[in-house]
Amino acid sequence: MAIYLDDVSRTFGEYLLIPGLTTKKCVPSNVLLKTPLVKYAKDDTPAIELNIPFVSAIMQSVSGPELAIELARNGGLSFIYGSQSIADQASMVRKVKKFKAGFVVSDSNLTPEDTLADVIRIVKKTGHSTIGITDDGSSNGKLLGLISSRDHREERDPLNRKVKEFMTPFSKLIVGQLGISLSEANNILWNHKLNSLPVIDKDQHLAYFVFRKDYDSHRDNPDELSDETKQLVVGAGINTRDYPERVPALIEAGADVLCIDSSDGYSEWQQETLRWIKHEYGNAVLVGAGNVVDSDGFRYLVDAGADFVKVGIGGGSICITREQKGIGRGQATALMDVVHARDEYCRETGVYIPVCSDGGLVHDYHMVLALAMGADFLMMGRYFARFDESPTKTLRVGNNYVKEYWGEGSNRAQNWQRYDMGGSESLKFEEGVDSYVPYAGKLKDNLAITLGKIKATMCSCGAISIRELQRNAKITLVSSTSIVEGGAHDVILKEQN
């Protein structure tokens, strides 16, 4: 006879938060949403912490480089989808890492003997209008000059004109010396009204550029998630098939963290993948695993070396795994079970394993419930798919604007690796659908509203941090009748113009 669990499989929609004492310190401006991404010893600091508890789903229709850049600028993190060639995924990771850095290694360089045609070509290729002119055309050659958009006019100057004839020569450049701090470099930019500052070593070799626009960007995005070199932090999804080739390429491209993308993570394939990564790289490469829905799956992946564990099977808006295979668990019940195992593991070992809740979030208040139930951060697909920055097309269907959104288990995605059962390379049946989501505009604008709701709810619970919320929150089950009572009822709503 099968093992029968007595608990009911419950969703977030079956719970409400009970208000706690709202003290005078409990105002939204005091709420901090910083949270660990990867495991750490209880008295230490995690290698990566998120500034907001959001990561984007490992999906073709969600996590491209544009969304990864914008989410990192606002404090979260994206996992670039892995259902593509290794080269294409690595290229997307590089695009995110190159977007912004305090000290930028130049990838737009020419020699004095090159021509205006070469300048135009490199600007079109890289999108960068500042070009370092070095003796050998490399990123660390001897700096001889600089070209910006102000130094030439394509429609006026002959294309065969030599770079040395219109570049700003080194003698007229203001430069910084290698070893200068980012703060000092920004002061030079402001004091001399410069757009860029070349940083050179003692032999005049180009080391970096510092750009004024990067300072402005950071000022406008105070929660920006960046590494020690001021580059944006980005993750990447991997599978349990080609990881010996994919992982090295992603690490070389600059990925800060990896995550095994699977609908069911409680498997020997994930164990082998985790053990291979930890054997080859040790703790230098951080990797999450999942998805699981109970304590057994959590402990199995942690013992194999997972740096965080993802919870949720079948709760996503485009996922039909439960319908097709009859496996899964209500997201709230699954999360509480895994969190209990996480806390027990921490008491036993002194090591804290962050838990990611993936799926089942219908309303914004569900996010607070998930955090209160013990999730350290949330992975979302539908939420981010609606925004300008997601990779999909914006279409007009009837009188509404929508964006395409499809599951990794759909025939469209052809991501058979995510449903690996060790057999032949094919998608036997679909576990995801092809759909639309309402178009919502810019990520930043929508995220501000969501975070505002989360902070306000936390204040009502008497908490100004996620840890305080988890310690102090009171949660109650609700009946079907009280769910109806929670919305507008017994009134005639006015039509919205």
Side-chain angles (χ1 to χ4, degrees), residues 2-3 5 7-12 36-39 55 57-59 79 82 235 237-240 243 257-275 277-278 286-316 319-322 324-346 348-349 351-361 370-371 373-381 407-409 415 417-422 431-432:
I3 298 170
L5 303 183
D7 62 353
V8 177
S9 187
R10 298 192 181 278
T11 66
F12 294 129
L37 179 72
V38 293
K39 70 181 176 185
V55 299
I58 310 170
M59 300 174 68
F79 288 92
I238 60 173
N239 62 66
T240 58
Y243 59 88
V257 59
L258 306 175
C259 184
I260 305 173
D261 181 27
S262 174
S263 67
D264 178 7
Y266 191 7
S267 74
E268 290 186 345
W269 292 286
Q270 286 219 12
Q271 181 192 64
E272 289 176 1
T273 304
L274 288 166
R275 286 181 172 173
I277 292 172
K278 294 304 179 180
L286 304 169
V287 56
N291 288 18
V292 299
V293 292
D294 65 5
S295 57
D296 291 340
F298 170 84
R299 192 62 182 251
Y300 185 80
L301 294 178
V302 170
D303 289 342
D307 291 295
F308 66 84
V309 174
K310 207 144 64 76
V311 178
I313 294 177
C319 184
I320 53 173
T321 296
R322 297 179 194 173
Q324 292 282 53
K325 294 168 65 176
I327 66 166
R329 200 176 193 185
Q331 187 66 11
T333 303
L335 178 60
M336 287 187 281
D337 192 358
V338 172
V339 164
H340 178 75
R342 188 265 319 276
D343 293 345
E344 190 175 87
Y345 182 85
C346 188
E348 289 176 14
T349 66
V351 176
Y352 187 89
I353 310 291
V355 167
C356 170
S357 181
D358 177 17
L361 300 170
L371 295 171
M373 289 174 178
D376 295 282
F377 57 98
L378 316 174
M379 177 172 279
M380 296 180 288
E408 288 297 291
N415 187 8
Q417 299 98 327
R418 189 173 196 271
Y419 302 86
D420 193 4
M421 290 291 178
E431 293 188 44

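- With Gln270 contributing its side chain and Thr240 its backbone, the two residues share no donor-acceptor pair below 3.5 Å.
- Taking each heavy atom of Gly381 and Ala57 in turn, the nearest pair found is CA-CB, 3.7 Å.
- Note that the CG atom of Asp337 and the OG atom of Ser9 stand 10.5 Å from one another [nearest 0.5 Å].
- Nearest approach of Phe79 to Cys259, heavy atoms of both residues: CE2-CB, 3.7 Å.
- Atom NZ of Lys278 and atom CZ of Arg275 lie 13.0 Å apart (nearest 0.5 Å).
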Just do the side chain to side chain contact (heavy atoms under 4.5 Å, CB included) check on Leu301 and Ile260 with the steps written out, would you?
CA-CA 11 Å; Leu301 294 178; Ile260 305 173; over 6 Å; no
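- Scanning for side chain to side chain contact (heavy atoms under 4.5 Å, CB included) contacts around Tyr345 gives Phe298, Arg299, Val302, Asp303, Thr349, Val351, Ile353, with sequence neighbours left out.
- A pairwise comparison of heavy atoms in Gly237 and Ile58 identifies CA-CG2, 3.8 Å as the closest pair.
- A side-chain donor-acceptor contact under 3.5 Å links Ser357 and Gln331.
- Considering only residues two or more places apart in sequence or on other chains, Tyr243 meets the ring pair (Phe, Tyr, Trp, His ring centres under 6.0 Å) condition with Trp276.
- Residues Val8 and Thr333 have side chains not in contact (no heavy-atom distance under 4.5 Å, counting atoms from C-beta outward).
- Residues satisfying the side-chain hydrogen bond (donor to acceptor under 3.5 Å, both in side chains) test with Asp294, not counting sequence neighbours, are none.
- Evaluation of the side chain to side chain contact (heavy atoms under 4.5 Å, CB included) rule for Ala334 yields Val293, Val311, Arg329 as partners, not counting sequence neighbours.
- Listed by chain and residue number, Arg342, Asp376, Arg467 satisfy the side-chain hydrogen bond (donor to acceptor under 3.5 Å, both in side chains) test with Tyr352 (two or more places apart in sequence, or in another chain).
- Of all the heavy atoms in Leu274 and Gly305, the pair that sits closest is CD2-C, 4.4 Å.
- Applying the salt bridge (Lys or Arg N to Asp or Glu O under 4.0 Å) rule to Arg10 yields the partners Glu14; only residues at least two apart in sequence or on another chain are considered.
- A 4.5 Å side-chain heavy-atom check between Pro36 and Phe308 finds every atom pair outside the cut-off.
- For the atom pair CG of Asp358 and CG of Asn291, the computed distance is 4.5 Å after rounding to the nearest 0.5 Å.
- Summarising the geometry, atom CG belonging to Leu371 is positioned 9.0 Å from atom CG belonging to Leu335; distances are rounded to the nearest 0.5 Å.
- With hydrogens and angles disregarded, a donor-acceptor distance shorter than 3.5 Å links the side chain of Asp307 to the backbone of Val287.
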